Amino acid sequence: MNWDDSSKGTPGGGLPPTDATEGPDRLVAGSADGEDQAVEAALRPKSLDEFVGQERVREQLDLVLKAALARGATADHVLLSGAPGLGKTTLSMIIAAEMGAPIRITSGPAIQHAGDLAAILSSLQEGEVLFLDEIHRMSRPAEEMLYMAMEDFRVDVIVGKGPGATAIPLELPPFTLVGATTRAGLLPPPLRDRFGFTAQMEFYEPVELERVIHRSAHLLDLEIDAEGAAEIAGRSRGTPRIANRLLRRVRDYAQVKAEGYINRDIASAALQVYEVDERGLDRLDRAVLGALLKLFGGGPVGLSTLAVAVGEERETVEEVAEPFLVREGLLARTPRGRVATPAAWAHLGLAPPPRSPGASGQPGLFGA
Ligand SMILES: Nc1ncnc2c1ncn2[C@@H]1O[C@H](COP(=O)(O)OP(=O)(O)OP(=O)(O)O)[C@@H](O)[C@H]1O
């Protein structure tokens with residue numbers, strides 16, 4: 001059966017509506033919440049040696065920085081792309097530390113006018129690292145000013161308006177721009193081409209996250225064994241920020257229930273309380289998957305219908321729940337709608353219905 005996707009109405013009931021980018025205070029959100037920001041400074045690795053994983057990026061960056069130091073030059077501009085929480089801000093701080101340079105931190109949405117950018121650029125010191133987070137969200141005039149600044153260390157400041165406007169050239173000290181984006185594909189090619197080094201940050205392997213967790217546990221003065229760290233790592237969705245956040249929740253549980261010691265049973269019991277399952281799915285993810293399997297026989301079902309079924313906005317299902325479910329191979333987006341994979345049935349401990357004769361052998365059902 002094929003459920004239609006014509007409904008565009010606002011869903012009613014169920015889970016409370018959420019911010020489409022992350023969801024309601026999700027423990028498994030990649031982006032930082034207030035508590036993360038307060039503790040992250042203490043947990044950030046301070047050098048490339050301390051930075052866990054991303055071996056290729058680390059090795060390449062190490063060469064770029066060492067070569068610049070040897071030449072006595074400012075390092076090339078660096079573009080870091082990857083999902084939230086993978087360590088882009090951390091790496092930008094490490095670049096500054098390794099170069100012995102100060103760092104200035106700002107973000108694309110904070111630079112709405114070219115004048116905002118000119119003010120920042122003109123106050124940089126020689127060799128300073130300028131970290132521009134969410135660089136894909138800068139305004140177009142600021143972006144165009146950045147082209148010249150990156151290439152020639154110069155900007156034209158426009159004074160006046162209309163026919164009387166004049167461009168006053170302003171020399172800038174050499175600096176290193178570190179741009180960060182979750183979507184490198186959104187950057188206009190002229191901007192992308194001006195970076196001397198581009199690094200695509202990948203999701204972390206569980207063993208790497210175990211190292212992140214052991215390191216953080218040490219800094220937070222927590223006792224955790226190897227199995228406890230593995231249990232948390234497996235639920236951290238390949239993301240150090242989530243690993244650190246889950247560790248803090250497990251710490252709370254361990255302090256109340258187990259004199260502070262964290263092992264596999266404690267980690268597992270704690271994360272069950274917080275509704276993060278052994279694969280890192282939370283309540284929203286499981287609600288989407290559960291509806292797809294139990295109400296629609298595994299699909300295909302349209303996105304809007306699925307959203308109504310779980311009482312969520314369409315965007316929330318599409319942007320918050322689905323990317324991880326797709327990445328995990330639990331859900332497929334096909335031209336005919338959302339379809340559960342065999343792994344989804346297994347994950348929720350359900351048996352798939354017998355295939356109807358018409359469904360067998362249809363090409364592309366899981367392919368799009
Ligand atoms: N490779 C790593 N080794 C150890 N800890 C890491 C690593 N990468 C990230 N972390 C930890 O994860 C947290 C989040 O990292 P960071 O803020 O650098 O992510 P981000 O990619 O900049 O996220 P956003 O896109 O939201 O700005 C930090 O507290 C940091 O300590």
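Owing to the predicted nature of the structure, the values given are computational and were not obtained by experimental measurement. For this chain, numbers begin at 1 and follow the sequence in order. What you see below is based on every heavy atom in this structure, not just the backbone, and it leaves out hydrogens, waters and symmetry mates.
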Applying side chain to side chain contact (heavy atoms under 4.5 Å, CB included), can you list everything that pairs with Glu128, at least two apart in sequence or on another chain? Pro102, Arg104, Leu124, Gln125

With hydrophobic residues grouped by side-chain heavy-atom distances under 4.5 Å, do Ile95 and Leu132 end up in a single group? no

Keeping the roles fixed (side chain from Glu328, backbone from Leu325), state whether a donor-acceptor pair exists under 3.5 Å. no

Sequence neighbours excluded and cut-off under 3.5 Å, please list the side-chain donor-acceptor pairs for residues 178-185, or say none.
unit_1, atom_1, unit_2, atom_2, d
Thr181, OG1, His136, ND1, 2.7
Thr181, OG1, Arg183, N, 2.9
Thr181, OG1, Arg183, O, 3.3

Ser81 and Gln200 side chains, donor-acceptor separation under 3.5 Å: yes

Between Arg194 (side chain only) and Pro190 (backbone N and O only), is there a donor and an acceptor less than 3.5 Å apart? yes

So does Asp277 pair up with Arg286, basic N to acidic O under 4.0 Å? yes

Scan for ring-ring contact (aromatic ring centres under 6.0 Å, His included) pairs involving residues 72-106, sequence neighbours excluded, and state none if there are none. His77-Phe153, His77-Phe175

Residues in side-chain hydrogen bond (donor to acceptor under 3.5 Å, both in side chains) contact with Arg137, at least two apart in sequence or another chain: Glu134

Does anything in residues 152-179 form a salt bridge (Lys or Arg N to Asp or Glu O under 4.0 Å)? List the pairs, not counting sequence neighbours. Arg154-Asp156

With a 4.5 Å cut-off on side-chain heavy-atom distances among I, L, V, M, F, W and Y, is there a chain of contacts connecting Leu186 to Val78? no

List the atom pairs, with distances to 0.1 Å, where a side-chain N or O of residues 240-248 and a protein N or O form a donor-acceptor pair under 3.5 Å, not counting sequence neighbours.
unit_1, atom_1, unit_2, atom_2, d
Arg241, NE, Glu40, OE2, 2.6
Arg241, NH1, Gly30, O, 2.8
Arg241, NH2, Glu40, OE1, 3.3
Asn244, OD1, Ser216, OG, 2.6
Arg245, NE, Asp36, OD1, 3.3
Arg245, NE, Asp36, OD2, 3.1
Arg245, NH1, Leu27, O, 2.8
Arg245, NH1, Ala29, O, 2.7
Arg245, NH2, Ala29, O, 3.2
Arg245, NH2, Ser31, O, 2.9
Arg245, NH2, Asp36, OD2, 2.7
Arg248, NE, Glu35, OE2, 3.0
Arg248, NH2, Asp36, OD1, 2.7

Which pairs of donor and acceptor atoms, one on a side chain in residues 258-276, lie under 3.5 Å apart (sequence neighbours left out)?
unit_1, atom_1, unit_2, atom_2, d
Asn263, OD1, Asp265, N, 3.1
Asn263, OD1, Ile266, N, 2.9
Arg264, NH1, Glu231, OE1, 2.8

Go through the structure and list residues passing side-chain hydrogen bond (donor to acceptor under 3.5 Å, both in side chains) with Glu144, not counting sequence neighbours. none

Take atom NZ of Lys294 as the centre, draw a 6.0 Å sphere, and report whether it contains more than 12 heavy atoms from other residues, nucleotides or ligands. no

Check: Lys88 side chain, Leu79 main-chain N or O, donor-acceptor pair, under 3.5 Å: no

Distance only, no hydrogens: is a donor on one side chain within 3.5 Å (strictly under) of an acceptor on the other, for Glu151 and Tyr147? no

Out of curiosity, does Leu86 fall in the hydrophobic cluster containing Ile105 (side-chain heavy atoms, cut-off under 4.5 Å, transitive links)? yes

For the student: nearest non-hydrogen atoms of Leu48 and Ile94, plus distance: N-CG2, 3.5 Å

Taking Arg333 for the side chain and Glu318 for the main chain, is one N or O donor matched with an acceptor at less than 3.5 Å? yes

Does anything in residues 196-254 pair up under ring-ring contact (aromatic ring centres under 6.0 Å, His included), and if so which pairs, sequence neighbours excluded? none

Hey, which of Arg327, Arg279, Arg237 is the one that makes salt bridge (Lys or Arg N to Asp or Glu O under 4.0 Å) with Asp285? Arg237

Could you check whether any side-chain N or O of Thr316 sits under 3.5 Å from a backbone N or O of Glu312, counting only pairs where one atom can act as donor and the other as acceptor? no

Side chain to side chain contact (heavy atoms under 4.5 Å, CB included) partners of Ala226, counting only residues at least two apart: none

Residues in side chain to side chain contact (heavy atoms under 4.5 Å, CB included) contact with Ser47, at least two apart in sequence or another chain: Asp49, Glu50, Glu98

Do the non-hydrogen side-chain atoms of Leu130 and Ile103 ever get within less than 4.5 Å of each other? no

Look at the side-chain heavy atoms of Ile, Leu, Val, Met, Phe, Trp and Tyr, link any pair under 4.5 Å apart, and say whether Leu219 and Ile232 land in one connected group. yes

Mind checking whether Met148 and Phe195 sit in one hydrophobic cluster, side chains of I, L, V, M, F, W, Y counted as touching below 4.5 Å? no

Between Asp62 (side chain) and Arg58 (backbone), is there a donor-acceptor pair under 3.5 Å? no

Does Arg56 pair with Glu59 as a salt bridge, N-O distance under 4.0 Å? no

Using a 3.5 Å distance criterion without hydrogens, assess whether the side chain of Thr334 forms a donor-acceptor pair with backbone atoms of Gly337. yes

Would you say Asp116's side chain and His113's backbone share a donor-acceptor pair under 3.5 angstrom? yes

Can you sort out the partners of Val57 under side chain to side chain contact (heavy atoms under 4.5 Å, CB included), two or more places apart, ordered by chain and number? Gln54, Leu91, Ala199

Does any N or O in the side chain of Thr90 come within less than 3.5 Å of the main-chain N or O of Arg44, such that one atom is a donor and the other an acceptor? no

